[in-house]
Amino acid sequence: MRELVLASASPRRAELIRRLDPESAVRVRIRPADIDETPLPGEASAAYVVRMACAKATAVAAGDSLVLGADTIVVLDGAILAKPADAAENAAMIDRLGGRVNQVTTAVALARAGAVLEHFAVTTDVRFRTLVPGESGRYAATGEGLDKAGGYGIQGKGAALVRA
């Protein structure tokens with residue numbers, strides 16, 4: 001049986017990998033990478049997210065197993081919106097996104113034996129609809145956005161915040 005190591009603690013990523021081919025002869029092992037995720041001075045957001053995906057993949061790549069590393073960022077007005085620290089910060093972040101377009105970039109890297117074999121990044125423009133007063137607080141109170149870049153998850157309740 002072949003093995004794919006997922007260098008992530010994200011339950012969503014693990015589930016996506018398992019859904020690809022549940023009858024596959026590939027065993028998925030979860031091994032989160034412990035890396036410094038601080039952006040470098042002057043680092044462009046696109047370069048940052050690729051660097052993070054590659055760093056995660058190579059941090060746990062040992063032996064012959066393939067390792068998949070990934071990272072997602074949300075960018076508004078050229079600034080990366082990290083994961084919010086608490087519900088208040090989450091609500092403020094959602095308020096900033098309301099009625100505006102943000103960019104979501106996900107980078108993926110595949111590594112083996114500490115070396116990156118392939119990597120790519122994809123960016124999507126996400127347009128939030130205009131929000132009604134208090135809506136950001138109600139969303140933040142669900143806790144869904146606390147572990148997500150930009151403070152929202154489009155695959156969950158956050159989809160209701162998005163126009164296109």
Side-chain angles (χ1 to χ4, degrees), residues 6-20 28 30-60 67-111 116 118-164:
L6 180 59
S8 173
S10 167
R12 292 168 305 286
R13 287 196 177 106
E15 180 61 25
L16 286 171
I17 296 295
R18 288 186 182 105
R19 282 186 189 177
L20 290 176
V28 178
I30 307 301
R31 188 164 171 223
D34 183 20
I35 62 167
D36 179 1
E37 296 191 39
T38 306
L40 300 174
E43 185 173 33
S45 58
Y48 167 78
V49 73
V50 168
R51 182 172 64 84
M52 289 298 96
C54 291
K56 288 175 182 181
T58 57
V60 300
V67 178
L68 186 69
D71 198 48
T72 298
I73 58 171
V74 173
V75 177
L76 181 66
D77 298 331
I80 296 173
L81 300 182
K83 295 175 184 176
D86 54 32
E89 186 177 354
N90 194 175
M93 211 176 268
I94 297 301
D95 278 336
R96 287 180 55 206
L97 292 166
R100 304 185 63 203
V101 175
N102 65 88
Q103 289 72 43
V104 178
T105 301
T106 296
V108 176
L110 190 63
V116 173
E118 296 285 337
H119 68 80
F120 67 90
V122 176
T123 300
T124 302
D125 285 344
V126 177
R127 179 177 300 278
F128 266 54
R129 61 181 177 71
T130 302
L131 305 177
V132 299
E135 190 170 12
S136 62
R138 287 189 298 279
Y139 175 73
T142 71
E144 180 182 82
L146 290 178
D147 70 338
K148 294 174 181 61
Y152 72 95
I154 198 166
Q155 67 276 55
K157 295 174 180 76
L161 305 171
V162 174
R163 184 172 142 214

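Sequential numbering from 1 along the given sequence is applied to the chain's residues. Below, all heavy atoms of this structure are taken into account, side chains as well, without hydrogens, waters or symmetry copies.
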Practice prompt. Can you sort out the partners of Asp77 under salt bridge (Lys or Arg N to Asp or Glu O under 4.0 Å), two or more places apart, ordered by chain and number?
Written response: Arg100
Worksheet entry | Pairwise distance CD1(Ile35) to OG1(Thr58) - rounded to 0.5 angstrom | 8.0 Å
Item to complete: Using salt bridge (Lys or Arg N to Asp or Glu O under 4.0 Å) as the criterion, list what pairs up with Glu15, not counting sequence neighbours.
Response: Arg19
Response to the item:
Output for pair (Gln103 CD, Ile80 CD1), nearest 0.5 Å, gives 11.5 Å
All N/O donor-acceptor pairs, side-chain side in residues 90-99, below 3.5 Å, sequence neighbours left out:
unit_1 : atom_1 : unit_2 : atom_2 : d
Asn90  : ND2    : Gly151 : O      : 2.8
Asp95  : OD1    : Ser136 : OG     : 2.7
Asp95  : OD2    : Ser136 : OG     : 3.3

Discussion item. Quick check against the 3.5 Å criterion: does Glu144 have a side-chain atom that pairs as donor or acceptor with the backbone of Gly158?
Written reply: yes
Fill in: Pairwise ring pair (Phe, Tyr, Trp, His ring centres under 6.0 Å) hits with a residue in residues 79-100, at least two apart
none
Using residues 43-50 as the side-chain source, report each donor-acceptor pair under 3.5 Å to any protein atom, sequence neighbours left out, with the distance given to one decimal.
unit_1 : atom_1 : unit_2 : atom_2 : d
Glu43  : OE1    : Leu40  : N      : 2.9
Glu43  : OE1    : Arg51  : NH2    : 2.9
Glu43  : OE2    : Arg51  : NE     : 2.7
Tyr48  : OH     : Glu37  : O      : 2.7

Item to complete: Working to the nearest 0.5 Å, report the span between CG of Leu68 and CG of Leu6.
Response: 6.0 Å
Worksheet item: Do Val132 and Arg138 have side chains that get closer than 4.5 Å, going by heavy atoms?
Response: yes
Fill in: Rounded distance [0.5 Å steps], OG1 in Thr105 versus CD1 in Ile73
5.0 Å
Worksheet entry | Interatomic spacing from OG1 in Thr130 to CG in Leu161 - rounded to 0.5 Å | 12.0 Å
Response to the item:
For Glu135, the salt bridge (Lys or Arg N to Asp or Glu O under 4.0 Å) test, sequence neighbours excluded, returns Arg129
Discussion item. Given 3.5 Å as the limit, does a donor-acceptor pair link the side chain of Arg31 with the main chain of Val60, or not?
Written reply: yes
Worksheet item: Has Asp34 got more than 12 heavy atoms of other residues, nucleotides or ligands less than 6.0 Å from its CG?
Response: no
Fill in: Side chain proximity check, Tyr152 to Val104, heavy atoms < 4.5 angstrom
yes
Fill in: Spatial distance of atom CG (Leu146) from atom NZ (Lys83) [nearest 0.5 Å]
10.5 Å
